[in-house]
Asker: 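Here it is, the structure in full.
Note that these values count all heavy atoms, side chains included, but never hydrogens, waters or copies made by symmetry.
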Amino acid sequence: MTDDQADGRSGAVSRRNVLAAGGTALALSIAGCANNEGSSDNGSGDEGLGGGGGNGDSDLSGEVIVTGSSTVFPISDQMAQNFMEENPDVNVTVDSTGSGGGFENHFCPGNSDINGASRPIKEEESASCEENGVEPVEFQVAGDALTMAVSPDNDWVDSMTYDQMAQIWQEGGAETWADVNSDWPDEEFELFGPDDTSGTFDWFTENVVGEAGNHRSDYEPTEDDNIIVEGLENNEYSIGYFGFAYYQENQDRVKALAVAESEGDEPVEPSLEAAQAGDYPMARPLFIYPSGNSLSEKEQVYAFTEYYLDNSDESFIGEEIGYVPSNSEQVDENLSTLEEYQ
């Protein structure tokens, strides 16, 4: 990891004071798709998204290493590409390692500057960071509608309750669709989901499998959500889950299920509007955790984090990626916290 220091700050223009004075309302429009890749390390991003299109005259330089959640990856990747357009001498690498895998293997040992997470950092992870002198600084940057999906050829189910999903995903749980509902085919599941190093795995296990028991291990685990999409697309009896952005990008390849938290509740289809309104049961916050030391000691890390937070309310997060952008109050709160490390 390069620890370059430079004189200049990012070319990004902070809108914190403007937002605070004007009380700008969050504008969210929902459409489009994400540009999801497993890793990126250069500024070859799309034009016209977010705060990109800078003049490239920044004198900021150095390296920023981002690891963590595959769910948060599309946002971090696009932020990195846009930031590097304005700061061509800064190299931001973004690797999809899973929330837990990123904390354990990269961030807490001090080998990355920022970790994305699709659930809050765990106490044991904070303790591990502390042992290594790494201070994780929490910023909520977006919202997600975690999506349970099946094959587009599946014509027997359009919605599920938490209890039905728990029957499928708990250790020692159902083996066939008919085990959950006798009206469904007597065919074995083909299960696809995030690896156990994933924050999405942790969130789903804690909130949906819950008291039913541990998440089953006999499924196809992966940190590449595109593999889950391929698995669902190619097997009529498959089922799997991932962040909403991956569904929005692949709506013609998989079918999303509406979700009811309890039997008798009206099932709600996953959407950014439903997640933002609090109507979708599997809505959840998404985070980034910069290292306090990196923020204080590396100008390029501070500048990238400031750019990231400052643009976390931009409509491209909903329109082009598929997550709920931050509102202006969240942006202001994040930037106020960040200033403590300036």
Side-chain angles (χ1 to χ4, degrees), residues 26 28-36 69-75 99 118-119 140-169 180 191-194 198-210 215 225-233 238-287 315-326:
L26 173 66
L28 173 64
S29 57
I30 312 302
C33 59
N35 178 20
N36 302 331
S69 168
S70 63
T71 303
V72 182
F73 172 85
I75 308 175
S99 303
S118 56
R119 44 84 174 156
Q140 182 178 328
V141 294
D144 179 33
L146 192 154
T147 300
M148 185 66 63
V150 296
S151 163
D153 296 326
N154 181 320
D155 59 2
W156 58 87
V157 60
D158 296 315
S159 66
M160 280 191 178
T161 64
Y162 271 30
D163 178 66
Q164 289 174 318
M165 289 188 287
Q167 290 181 51
I168 294 171
W169 291 98
V180 180
L191 300 168
F192 296 87
S198 164
T200 300
F201 173 96
D202 292 335
W203 190 96
F204 184 76
T205 300
E206 178 177 350
N207 291 279
V208 179
V209 179
H215 193 291
D225 294 273
N226 295 298
I227 293 177
I228 300 176
V229 171
E230 291 175 5
L232 300 182
E233 181 181 34
S238 60
I239 184 169
Y241 62 95
F242 36 51
F244 182 80
Y246 291 89
Y247 165 64
Q248 181 157 287
E249 186 182 14
N250 299 284
Q251 294 184 57
D252 58 335
R253 301 173 62 190
V254 300
K255 182 174 85 170
L257 300 181
V259 172
E261 186 164 359
S262 302
E263 189 174 354
D265 292 347
E266 185 67 27
V268 179
E269 295 183 358
S271 71
L272 301 190
E273 294 93 338
Q276 187 178 32
D279 297 331
Y280 182 64
M282 294 203 295
R284 56 177 178 154
L286 304 177
F287 305 91
S315 59
F316 83 90
I317 292 176
E319 294 172 349
E320 305 294 338
I321 296 180
Y323 294 127
V324 180
S326 297

Asker: List in chain and number order the residues that pass side-chain hydrogen bond (donor to acceptor under 3.5 Å, both in side chains) with N154, two or more places apart in sequence or in another chain; answer none if no residue qualifies.
Answerer: none

Asker: Of the non-hydrogen atoms in V229 and V254, which two are nearest, and what is the gap between them?
Answerer: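 Minimum heavy-atom separation between V229 and V254: O-CG1, 3.9 Å.
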
Asker: Identify, with sequence neighbours excluded, every residue that meets ring-ring contact (aromatic ring centres under 6.0 Å, His included) alongside Y280.
Answerer: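 Checked Y280 against ring-ring contact (aromatic ring centres under 6.0 Å, His included); zero matches.
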
Asker: Find out whether S70 and F242 are in side-chain contact, i.e. whether some heavy atom of one side chain is under 4.5 Å from a heavy atom of the other.
Answerer: no

Asker: Please check: side-chain N/O of S271 versus main-chain N/O of A274, any donor-acceptor pairing under 3.5 Å?
Answerer: yes

Asker: Could you tell me which non-hydrogen atom of S326 sits nearest to which non-hydrogen atom of V141, and how far apart they are?
Answerer: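 Minimum heavy-atom contact is OG-O, 2.9 Å.
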
Asker: Quick one: salt bridge (Lys or Arg N to Asp or Glu O under 4.0 Å) pairs with a partner in residues 250-259, sequence neighbours left out?
Answerer: D158-K255, E233-R253

Asker: Does the pair M282 and V208 meet the rule for a side-chain contact (heavy atoms from CB on, under 4.5 Å), with working shown?
Answerer: CA-CA 9 Å; M282 294 203 295; V208 179; 3.8 Å; yes

Asker: Let me confirm one number: the OG-CE distance from S159 to M148, rounded to the nearest 0.5 Å.
Answerer: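 Taking OG in S159 and CE in M148, the distance rounds to 12.5 Å.
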
Asker: Is V180 close to M160 at the side-chain level, that is, under 4.5 Å between some pair of heavy atoms?
Answerer: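 M160 does not reach V180 side chain to side chain.
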
Asker: If the condition is side-chain contact (heavy atoms from CB on, under 4.5 Å), which residues does P152 pass it with, not counting sequence neighbours?
Answerer: none

Asker: Which atom names give the shortest non-hydrogen contact between Y323 and L272, and what distance separates them?
Answerer: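 Between these two residues, the closest heavy atoms are O-CD1, 3.5 Å.
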
Asker: Any side-chain heavy-atom pair from P281 and V268 closer than 4.5 angstrom?
Answerer: yes

Asker: Run the side-chain contact (heavy atoms from CB on, under 4.5 Å) test against P285 and tell me which residues pass, sequence neighbours left out.
Answerer: Q140, F287

Asker: Give, for atom CE of M165 and atom CG of N207, the distance between the pair rounded to the nearest 0.5 Å.
Answerer: 10.5 Å

Asker: Looking at residues at least two apart in the chain, or sitting in another chain, which of them share a side-chain contact (heavy atoms from CB on, under 4.5 Å) with T161?
Answerer: D163, Q164, A260

Asker: Measure across P270 and L257 and return the closest heavy-atom pair with its distance rounded to 0.1 Å.
Answerer: CD-O, 3.4 Å

Asker: Can you tell if the side chain of W169 reaches within under 4.5 Å of the side chain of I239, non-hydrogen atoms only?
Answerer: yes

Asker: Who pairs with Y247 by ring-ring contact (aromatic ring centres under 6.0 Å, His included), at least two apart in sequence or on another chain?
Answerer: F244

Asker: Specify the closest pair of heavy atoms between S99 and S118, including all atoms of both residues, with the distance to one decimal.
Answerer: OG-N, 3.0 Å

Asker: Can you label the angle between the Y241 ring and the H215 ring as parallel, tilted or perpendicular, going by 30° and 60°?
Answerer: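 Judged by the thresholds at 30° and 60°, the geometry between Y241 and H215 is tilted.
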
Asker: Can you list every pair that meets salt bridge (Lys or Arg N to Asp or Glu O under 4.0 Å) and has a residue in residues 142-155, with sequence neighbours left out?
Answerer: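 Of all non-adjacent pairs touching residues 142-155, those that pass salt bridge (Lys or Arg N to Asp or Glu O under 4.0 Å) are D144-R284.
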
Asker: State the CH2-CG distance between W203 and L286, to the nearest 0.5 angstrom.
Answerer: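 Separation between the atoms: 11.0 Å.
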
Asker: If I compare all heavy atoms of I228 with all of G193, which pair ends up nearest, and what's the gap?
Answerer: CD1-C, 3.6 Å

Asker: Just wondering, do S238 and F192 contact through their side chains at under 4.5 Å, heavy atoms?
Answerer: yes

Asker: With sequence neighbours left out, what residues match S69 under side-chain hydrogen bond (donor to acceptor under 3.5 Å, both in side chains)?
Answerer: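 Applying side-chain hydrogen bond (donor to acceptor under 3.5 Å, both in side chains) to S69 gives none.
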
